[in-house]
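Below is one structure, written out as C-alpha cells; comments come after it.
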Amino acid sequence: MYSEKVMDHFQNPRNMGEVENPDGVGEVGNPQCGDVMRITIKVDEKEDRIEDVKFKTLGCGAAIATSSMVTELAKGKRLDEAEEISKKVVADALGGLPPQKMHCSNLASDGLKKAIEDYRSRHGN
Amino acid sequence: MYSEKVMDHFQNPRNMGEVENPDGVGEVGNPQCGDVMRITIKVDEKEDRIEDVKFKTLGCGAAIATSSMVTELAKGKRLDEAEEISKKVVADALGGLPPQKMHCSNLASDGLKKAIEDYRSRHGN
Amino acid sequence: MQKAIFLDNAATTRTGAGVVKAMQPWLEQNFGSPATLYSLGSQAKQAIEDARQSLAGLIGAEAKDIFFTSGATESNNWAIKGVAEALAEKGRHIITNQAEHHSILMPLRYLEKKGWDISYLPVDGDGLVDPDAISAAIRPDTVLITTVHANHEIGTIQPVAEIGRIAAEKKIAFHVNAAQTVGHIPVDVNSLGAHLLSISGHKFYGPKGVGALYLKRGVRITPLFHGGSQEKKRRAGTHNVPGIVGIGEAARIARNSMDAEIEKLSGLRDYIFAWVEKNIEDIRINGHRTRRLPNNVNFSLEGIEGESIMLSLSYPTAEGARPVFISTGSACVSGNLEPSHILLALGLPAELAHGSVRISMAKEDTREDIDYALEAIAAVAERLRNMSPVYKRGDKKCTAFDKSAGCDCEAAS
Amino acid sequence: MQKAIFLDNAATTRTGAGVVKAMQPWLEQNFGSPATLYSLGSQAKQAIEDARQSLAGLIGAEAKDIFFTSGATESNNWAIKGVAEALAEKGRHIITNQAEHHSILMPLRYLEKKGWDISYLPVDGDGLVDPDAISAAIRPDTVLITTVHANHEIGTIQPVAEIGRIAAEKKIAFHVNAAQTVGHIPVDVNSLGAHLLSISGHKFYGPKGVGALYLKRGVRITPLFHGGSQEKKRRAGTHNVPGIVGIGEAARIARNSMDAEIEKLSGLRDYIFAWVEKNIEDIRINGHRTRRLPNNVNFSLEGIEGESIMLSLSYPTAEGARPVFISTGSACVSGNLEPSHILLALGLPAELAHGSVRISMAKEDTREDIDYALEAIAAVAERLRNMSPVYKRGDKKCTAFDKSAGCDCEAAS
Ligand SMILES: Cc1ncc(COP(=O)(O)O)c(C=O)c1O
Ligand SMILES: Cc1ncc(COP(=O)(O)O)c(C=O)c1O
C-alpha cells in the first residue's frame, strides 16, 4: 500500500525528536483521530532560515513518514520558502500516498507552518 | 443414488420383451410423464398361474428395474399371489428406491395387476 | 474402470492443471487475508488485483468494475435483487424470457411474490428471444432487462448486442448472464451493451465456488452481502484468495486458447450433428443450428427417456467399455417433477424433453473420444428403443418441427 | 526474508496441510458436479455428504440441518435477512448488541432502512452482553435475537446458552454467529439453544470461500440464493466441492485436536497477558480476562497508534529480524474513518482504540515464537513512544478502567 519511500521514512525517520530551546513550536492533530504532530524549529535570525527542525509524531505510517519528509524539505530553507511546502509537495516527495491518507494523516506541512507562525509571533514579525 | 440391485436389474433386465399371443396385457404410465410400461402375461389356465411374463418399458432407471423385478417376482406365481405384489414389495426386493422414485417410476406392479385384470376380463372371471 | 469420457462440460469443467498450480501457493503458504497491511496480506491483495485485471481483460471491462462472488448463482441473484431493490422507487417491472437458467427465474419469481411484475417472453423453436418483443414489452416502469448470453442446455446464442442497444436507447439497466460464454467465445461488455454481466469460474476450467459480477460504473445496485469493506463495500466477506487467483488464471489461459477452442469444438459439434442425423433415426436437434455455443450439442431421441440413456452410458456393462458422461433434460434428473423448462419453452412435447441428450465438450476432447461416445450413444439408443413399448421406427413424429404449428404427437402416436 | 510469525489467526488461518491434501483430488480429477447421476457426480455427492456429517458432528447437529455457504458473511446475511423476511408478517423487531461483527451489523442497518426496528444493546466494559437486558428488550414483535458466540476482536465469550434459554422461553428465533468459535472451543447447537448458527471455514484451518449455516428443523427462512435445487432448494449454486471437502476435513481434524489446542493456547494467552503487564507500561487489557477465546489477546498501548505498531512489526529493519503479523483496531486499517466500533462499545476512548493490538494465535505456535514476538512488540512500543508527542510515561490514564465511570482522558492528558 505504501511506496518504498514512505516505508523508508517510516522505518528510518529523519530529524526525530525536539530541538533544544526551539524558536518555534507547531502542534497539529488530535489523539482522538489518531494523529498528533509536534514540530520544533531553530531559526537563523539573520538569514531568516530554518537552521534545525525536528518532529515528534503519534500516528500511522503516513503520519510519521510525512513528518520526517517535511523536516528534510524544510531544513535550511528560508521561512517564506518553507511556508510553501504544501501537503502535495510532501506527498509527491514521498512518491505519493494512498488516497485515504492524503488528507487525514498528512498534517506535517500544517505543523511546520504553525511552528513558523509561532516563531514569527514570538519575534514580533 | 440407486442400489446395486437396481443397477443390476437396470443393466441386465430380466424378461424383457413381449410374450407371444399374450393372455393378458397391462399398460400403465404416460409418455408425457416419462414412464410407460407394458406387461404381457401367459397364464396356465388350469393352475391359475403365471407361466410367462415379459415387460417393455420406457422410463428412467427405476422404471426399468422395477419392471424387471416385477416379472421375476410374478413368474410362476398364482394370480391371486401375483396381485399381492405391491410397490413396496418391488422396492424392497430391489434393496430400496430413492424416495422421489418410490411412486413416480414404480408402476410395474400396477401394470401387472392390469395384465391380470385383462386376462380375467377376457376369460370371463 | 476404463477412462471415462466426460461430455458434461456445460455443467462443470475440469479445473485446469495450470489453474490448480496457480492456486496452490495461496492455500497453504500465502494464506493471508488481503484486508491487512502486512506483507502476507498485501501479496494476497496484489494477487486479487492481478486476477481482477485478467478477468476484466477477458471481457473488455475495466478492472475496477469487476466484483468477485462465489459463482454465477450469486452474481445473478445479486444482479436481479440488487437492481430491483435499488430502483424500486423508479418502477417494478422486469423483462426476461421463459428459457432462462433457474438462477435467473427463481430470483424473479421471488420478486414477483413481493409485488414486482415480470414479463417472461416466449422464445422461438430454436430458443431465440425476439428483440422486437423486448422493445414491445418495455413500459415506463421497466427497470431491468435480463438475458442469458448463451443457453446452457441448448447452446443457442441470444442477440444480446441488439437487446443491449434497445436497453441503452430506453435507458434501462441490462443484465447478461454470461456463465456459459465467458472464456469460451468472445464476450465484450461494451459491444454487448451490458451494464451487469455474470461470470462463473468452474464453467471455463476455473475453480468451483468463485465467480464475478461486472458492474458498469454508475449502475445502481444494493449489495447482497452486507458487512466488511471488501470489494469497495459492495460485496462483503473475506476474499476466497485461491479461488480468485484460479479464476484469474483461467481467464488468462482462455484469452490465449479461445480461438483454437472455438475452431476445434465447433468442428466437433457439427461433426456430431452430422453423425447422429446419419446414424440415429427419429431424432430432433434442439437449439439453433449455427447461432450456438461451439461446445454444445443437444438432441432428443424419440421413444426413450434421458435418465436411462445417461445411466446406460455412465455404467456400461460390456467388458472394457468406457463410461460416457452426458446430461439430459428428463424430469428424472431435474430435481423437479417437470422436464427441462427450456425444452418445453421451445415448444417440445414433454416426451421429447424427457428423451433429450446434451453433449457438451471440453477443449481437450479428441475426435477418437467423440467417436467412441457416439457409437455408445447409438448402441444405447438401439437397446432402449427395443425395450420401449411406445417407440415405432420411422415414426419421426416431431422431426420436422415447427413451433408455431406445434407438434401433434398425440395424433401421430 | 526471515520466517514470519503470524499472529493474526482471528482474521484468517493457514489452510492445514491435511485439509489441502483432502481437497486436492476434488480440484482436478474428481471435478464432477454432485447434481448429476454418473459416477463422477455421485462421488462428489458422497464427498459432500461426508463433509456435512463431519461438520454436523463438530457442533452436535444433524447433518441434514447443515447448509453450505461461501463463508460466515453469507451465513450471517442469509440468517438475518432470511428470517426477517420469512417472519415479516409476525413482526419487525430484532435484538442484537453494539459489539457485533460488521457482517451482522450491516445487514441489520440495511433492514433498519427498510423499516425494521433494531435494538443494539450496549455491552459492558469487558464486552459482555447482559442476558437480562435482552429479556427486557423483547417485545411482542421481536422475531430474532442474534449474538456472536465469541467476539473476533477482544475474544470475549458471550453467555449464549443463557440467551438461548430466554429465546426458547419466548419462542423467538435465535441466531449465533460462531465464526470465531467453531473448531476452536466446544460448540453444541443444542446446549446453546441456537436455531441458526454461522460457520466460517477459513477461521479454523479450513479453506477460504466456504462456510455453513446450521438451520434447526422448522426454522422459517427465505433463501438468499434462489435458483437450482441444491441444498434442498435452500441455497442454490453449483457446490464448491473442494471447499466443502476442505471444511469437512478441517472439522474432522478440529474434533481431534481441540482439547490440546485449548489447553496450549489458553496457556500461551495467559502467559502473554502476564508478560505484557510486567514488561510494558501503560497498557490496558481489552476484553474479558477469563471468559475469552484461548487464542485471543488484545490490549491498548497508551500514546501510540496501531497501524504504526503493526507496520513496524511486519517490516522490521534490523538485520535478520523476523516479521511479526498482528492486527489493530486503529481507524487507519479499518477501511472506515472510525477506530474499532467494538473497542468503542467497551467505552474505550478513541485514542486507546487507535492504540490497540490484537494477537491471535494458531495451534502450531510455539513459546519461542511468542517470546520473539513479545520482545519485538515491547521494542516497537518503546521506539514509537519515544517518537510520540503525547506519551508521558506512567500516566496510566485509562489502565484502571471502569466503563460506568468512563475514562477521563482529556482531563488526564
Ligand atoms: C446459464 C447458467 N447460469 C448460471 C449458472 C449458475 O452458475 P454457478 O454454478 O456458478 O452458480 C449456470 C450453471 O449452473 C448456468 O449454466
Ligand atoms: C465474528 C465474525 N463473524 C463473521 C466473519 C465473516 O466471516 P467470513 O470471512 O467467512 O465471511 C468473521 C471474520 O471475518 C468474524 O470474525
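Sequence lines set the chain letters: A, B, ... in the order given, protein chains first and strands last, and positions in each chain run from 1. All of these numbers come straight from a predicted model, not from anything done at the bench. Atoms considered below: every heavy atom in the structure, side chains included; atoms not considered: hydrogens, waters and symmetry mates.
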Does some side-chain heavy atom of C:Gln24 sit less than 4.5 Å from a side-chain heavy atom of D:Gln24?
-> yes
Interchain contact, D:Leu105 with chain C, by part (heavy-atom threshold 4.5 Å) = neither
Nearest-0.5 Å distance that lies between atom CD in C:Gln230 and atom NE2 in D:His102 = 10.5 Å
Applying a criterion of heavy atom separation less than 4.5 Å, what residues of residues 71-81 of chain C form contacts with chain D?
-> C:Thr73, C:Glu74, C:Asn77, C:Lys81
Checking C:His239 against chain D: side chain, backbone, both or neither under 4.5 Å from a heavy atom?
-> backbone
Which of residues 12-21 of chain C get closer than 4.5 angstrom to chain D, counting heavy atoms alone?
-> C:Thr12, C:Thr13, C:Arg14, C:Thr15, C:Ala17, C:Val20
Heavy-atom contact with chain C under 4.5 Å, split by part of D:Ile326 | backbone
Side chain proximity check, D:Met106 to C:Lys233, heavy atoms < 4.5 angstrom = no
Heaviest contributor of heavy-atom pairs below 4.5 Å to chain C, chosen from D:Gly41, D:Pro207, D:Ser70, is D:Ser70
On the 0 to 90° scale, with breaks at 30° and 60°, tag the D:Phe225-C:Phe225 ring pair as parallel, tilted or perpendicular.
-> parallel
Examine whether an atom of D:Tyr205 lies under 4.5 Å from a heavy atom of chain C, and if so say whether it belongs to the side chain, the backbone or both; otherwise answer neither.
-> neither
Does D:Trp26 reach the side chain of C:Lys208, with side-chain heavy atoms less than 4.5 Å apart?
-> no
Hey, mind stepping through D:Leu108 and C:His226 against side chain to side chain contact (heavy atoms under 4.5 Å, CB included) and telling me if it holds?
-> CA-CA 9 Å; D:Leu108 289 172; C:His226 293 86; over 6 Å; no
Is chain D contacted by the side chain of C:Glu85, its backbone, both, or neither, given a heavy-atom distance below 4.5 Å?
-> side chain
